[in-house]
Amino acid sequence: MTVDRAAGLLAQARSVVVFTGAGVSAESGIPTFRDVQTGLWERFDAQALATPQAWAADPDLVWGWYEWRRTVVGRARPNAAHRAIAAIEAAKPGTVVVTQNVDDLHEQAGSPAPIHLHGSLTAPRCARCGTPRPPDGPADEPAEGRRLTPPVCERCGGAVRPGVVWFGEALPEAALTAAAEAAASCDLLLTIGTSGLVYPAAEIPQVAARCGAWVIQVNPRPTPLDEVATVNLRGPAAEILPALTALTS
Ligand code: BV8
Ligand code: ZN
């Protein structure tokens with residue numbers, strides 16, 4: 001049984017990296033990036049909205065979209081996969097969690113310091129001077145598809161932008177370096193719920209494989225990472241991760 005084989009590798013591993021994508025939050029009710037467009041937003045392409053060009057053209061539309069997504073995340077709770085990942089960290093000190101997600105469900109599940117390669121919905125900042133501008137409470141329930149005027153930076157008067165990495169923007173250097181170093185030195189990388197299509201984040205599991213680590217993939221669908229996976233666990237993360245940790249504990 002592949003999950004037994006995966007549990008055996010996890011039990012032996014001395015240095016673990018857990019790499020997650022939107023699929024790990026799917027069972028918390030947060031649509032994945034490609035599925036996020038529903039209702040009034042479905043006429044927009046997420047990849048087109050998550051760009052500096054969209055922000056420059058219509059900051060109110062982009063800010064409204066992110067506030068709507070922050071509302072969706074605000075209603076979500078960590079699922080059994082997030083909790084199992086936190087349990088792996090507790091059982092294996094030194095485990096590094098690297099996420100592409102902009103929600104804070106790993107933190108809510110008890111992961112002490114996940115590396116956010118694509119930023120976070122909880123970290124808006126001034127688009128001009130970079131001053132962080134933590135959200136003032138839950139998003140005000142913007143209706144889907146509604147424009148919202150972004151707040152103004154108290155320091156310089158610039159517009160406050162979402163604290164995420166848009167397409168065409170560089171990833172935070174320290175985060176990417178830390179993730180790549182962890183991947184290069186681990187002996188096991190778990191890649192959970194990612195399509196492995198967006199670079200340079202998608203390099204992380206490849207780095208681990210190239211450096212000789214075992215790679216365990218958890219995803220209901222095939223991805224380009226099938227080729228580098230030592231064990232491929234086909235199924236939903238909230239079902240597979242608890243089974244994996246139950247076998248390992
Ligand atoms: C950069 C934050 C350069 C924003 C995100 C042409 C060719 C190749 C590359 C490029 C190209 N043109 C441009 C590029 C580069 C581009 C890129 O890779 N594009 C791709 C689309 C081809 N990358 C960039 O632009 C990056 N920056 O390259 O900068 C540079 C360098 C120096 C100086 C200046 C510039 C920046 C990329 C970051 C974009 N921001 N997120 C926001 O959230 O709004 S990316 C976003 O999409 C997500 O974070 C995620 O990483 C990605 C994919 O989203 P999803 O598909 O939803 O999620 P995921 O991939 O995780 O897939 C979901 C998976 O879950 C699926 O496989 C599904 O089967 C699985 N699943 C579903 N249910 C479950 C499940 N799994 C388990 N359990 C379940 N229940
Ligand atoms: Zn400012």
Side-chain angles (χ1 to χ4, degrees), residues 18-37 41 44-55 62-63 65-70 72-73 79-82 84-85 98-103 116-133 150-173 175-176 179 190-205 216-226 229 232-242 244:
V18 181
F19 179 71
T20 66
V24 80
S25 297
E27 285 151 286
S28 295
I30 299 180
T32 65
F33 197 75
R34 64 202 64 245
D35 306 336
V36 69
Q37 301 312 81
W41 290 111
F44 294 98
D45 165 24
Q47 283 198 9
L49 274 178
T51 62
Q53 292 75 12
W55 168 257
V62 173
W63 183 258
W65 183 52
Y66 280 93
E67 282 298 274
W68 172 68
R69 287 176 59 193
R70 195 161 68 85
V72 172
V73 169
N79 63 57
H82 295 104
I85 290 165
V98 179
T99 189
Q100 300 170 91
N101 299 339
V102 294
D103 63 54
H116 280 266
L117 293 180
H118 294 157
S120 170
L121 288 171
T122 61
R125 65 176 189 274
C126 174
R128 188 188 295 166
C129 72
T131 304
R133 163 66 187 268
V152 168
C153 170
E154 277 136 25
R155 207 160 140 229
C156 78
V160 172
R161 59 161 281 176
V164 300
V165 178
W166 281 326
F167 287 97
E169 289 189 319
L171 275 57
E173 201 172 326
L176 187 56
L190 276 157
T191 171
I192 304 165
T194 185
S195 58
L197 296 174
V198 175
Y199 283 83
E203 273 292 336
I204 296 301
I216 296 172
Q217 177 171 230
V218 178
N219 195 316
R221 291 199 285 270
T223 78
L225 294 168
D226 289 12
N232 235 337
L233 301 175
R234 276 265 184 281
E239 207 176 284
I240 290 189
L241 265 290
L244 189 59

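Since this is a predicted model, take the numbers as computed values, not measurements. Start at 1 and go down the list; that is how both ligands and their atoms are numbered.
With contacts defined as side-chain heavy-atom distances shorter than 4.5 Å, the pair L241/V24 does not qualify. Using a 4.5 Å heavy-atom threshold, the side chains of P124 and W63 count as touching. Within the 4.5 Å cutoff, side-chain heavy atoms of R234 are placed close to those of P222. Counting only heavy atoms from C-beta outward, the side chains of R133 and E154 approach each other to under 4.5 Å. Annotation: side chain of H82 is in contact with side chain of S25 (closest heavy-atom distance under 4.5 Å). In this structure the side chain of E27 reaches within 4.5 angstrom of the side chain of P236, judged on heavy atoms.
Annotation: atom 58 (O) of ligand 1 to nearest protein heavy atom, A22 CB, 3.3 Å. Considering only non-hydrogen protein atoms, atom 64 (C) of ligand 1 sits nearest to G193 O, 3.4 Å. Annotation: atom 26 (C) of ligand 1 to nearest protein heavy atom, Y199 O, 3.3 Å. Nearest to atom 37 (C) of ligand 1 among the protein's heavy atoms is V198 CG1, 3.6 Å. With respect to atom 48 (C) of ligand 1, the closest heavy atom belonging to the protein is H118 ND1, 4.0 Å. For atom 25 (O) of ligand 1, the closest non-hydrogen atom of the protein is G168 N, 2.7 Å. The protein heavy-atom contact nearest to atom 2 (C) of ligand 1 is V165 O, 3.3 Å. Among all protein heavy atoms, the one lying closest to atom 29 (O) of ligand 1 is E169 O, 3.1 Å.
Protein heavy atoms are found less than 4.0 angstrom from atom 79 (C) of ligand 1. For atom 42 (C) of ligand 1, the nearest protein heavy atom lies closer than 4.0 Å. Not a single protein heavy atom sits closer than 4.0 Å to atom 9 (C) of ligand 1. Shown here, atom 12 (N) of ligand 1 is out of close reach of the protein: none of its heavy atoms lies under 4.0 Å off. Under the 4.0 angstrom criterion, atom 39 (C) of ligand 1 counts as having a protein heavy-atom contact. Distance remark: protein heavy atom not present below 4.0 angstrom from atom 6 (C) of ligand 1. Within a 4.0 Å radius of atom 33 (C) of ligand 1, the protein contributes at least one heavy atom.
Near L171, with a cut-off below 4.0 Å to any heavy atom, the atoms of ligand 1 are 36 (C). Short contacts between ligand 1 and Y66, defined as distances under 4.0 Å to a heavy atom of the residue, involve ligand atoms 4 (C), 42 (C), 44 (O). For ligand 1, the atoms sitting less than 4.0 Å from at least one non-hydrogen atom of G21 are 61 (O), numbered in the order shown with element in parentheses. For ligand 1 and A170, the ligand atoms under 4.0 Å from any heavy atom of the residue are 32 (C), 33 (C), 34 (C), 35 (C). Each of the following atoms of ligand 1 lies closer than 4.0 Å to a heavy atom of T32: 57 (O), 63 (C). Close contacts between ligand 1 and A26 involve ligand atoms 73 (N) [criterion: under 4.0 Å to a heavy atom]. Atoms of ligand 1 found under 4.0 Å from any heavy atom of R221 (numbered from 1 in listed order, with element): 68 (C), 69 (O).
From W166, atom CH2 reaches atom CG of L49 across 10.0 Å, with rounding to the nearest 0.5 Å. Note that the CZ atom of F19 and the CD1 atom of I192 stand 10.5 Å from one another [nearest 0.5 Å]. To the nearest 0.5 angstrom, S120 atom OG is 8.0 Å from D103 atom CG. Note: I204 CD1 to T99 OG1 = 12.0 Å, rounded to the nearest 0.5 Å. Note that the CD atom of E239 and the CG atom of N79 stand 11.5 Å from one another [nearest 0.5 Å]. We find the CG-CD1 distance between L233 and I240 to be 5.0 Å, quoted to the nearest 0.5 Å.
Judged by distance alone, with hydrogens and angles left aside, the side-chain atoms of H116 form no donor-acceptor pair with the main-chain N or O of Q100 at under 3.5 Å. The backbone N or O of T131 sits nowhere less than 3.5 Å from a side-chain atom of R128 that would complete a donor-acceptor pair. Under a 3.5 Å cut-off, the side chain of N219 and the backbone N or O of G193 do not form any donor-acceptor pair.
Between atom 75 (C) of ligand 1 and the options A237, A50, P220, the minimum heavy-atom separation is to P220. Nearest to atom 71 (N) of ligand 1 by heavy-atom distance, out of P222, P162, G23, is G23.
Every heavy atom of A201 sits 4.0 Å or more from the atoms of ligand 1.
When each of T194, T191, D226 is tested with Q217 by the rule side chain to side chain donor-acceptor pair (under 3.5 Å), just one qualifies, namely D226. Checking each of L171, L176, L117 against V165 for a side chain to side chain contact (heavy atoms under 4.5 Å, CB included) leaves exactly one that passes, namely L171.
In this structure, V218 and A237 approach most closely via the heavy-atom pair CG1-CA, 3.8 Å.
Residue-level proximity to ligand 1 for W166 is carried by the backbone, the only part with a heavy atom below 4.0 angstrom. Of the heavy atoms in P236, both backbone and side-chain atoms come closer than 4.0 Å to ligand 1. Only side-chain heavy atoms of R69 come within less than 4.0 Å of ligand 1; its backbone N, CA, C and O stay farther off. Contacts between E27 and ligand 1 below 4.0 angstrom, taking non-hydrogen atoms only, involve the side chain exclusively. Of the heavy atoms in I192, none comes closer than 4.0 Å to ligand 1.
At the Zn ion (ligand 2), the angle from SG in C126 to SG in C156 is 100° when rounded to 10°.
Of the N or O atoms in N101, none lie within a sub-3.5 Å distance of an N or O in ligand 1.
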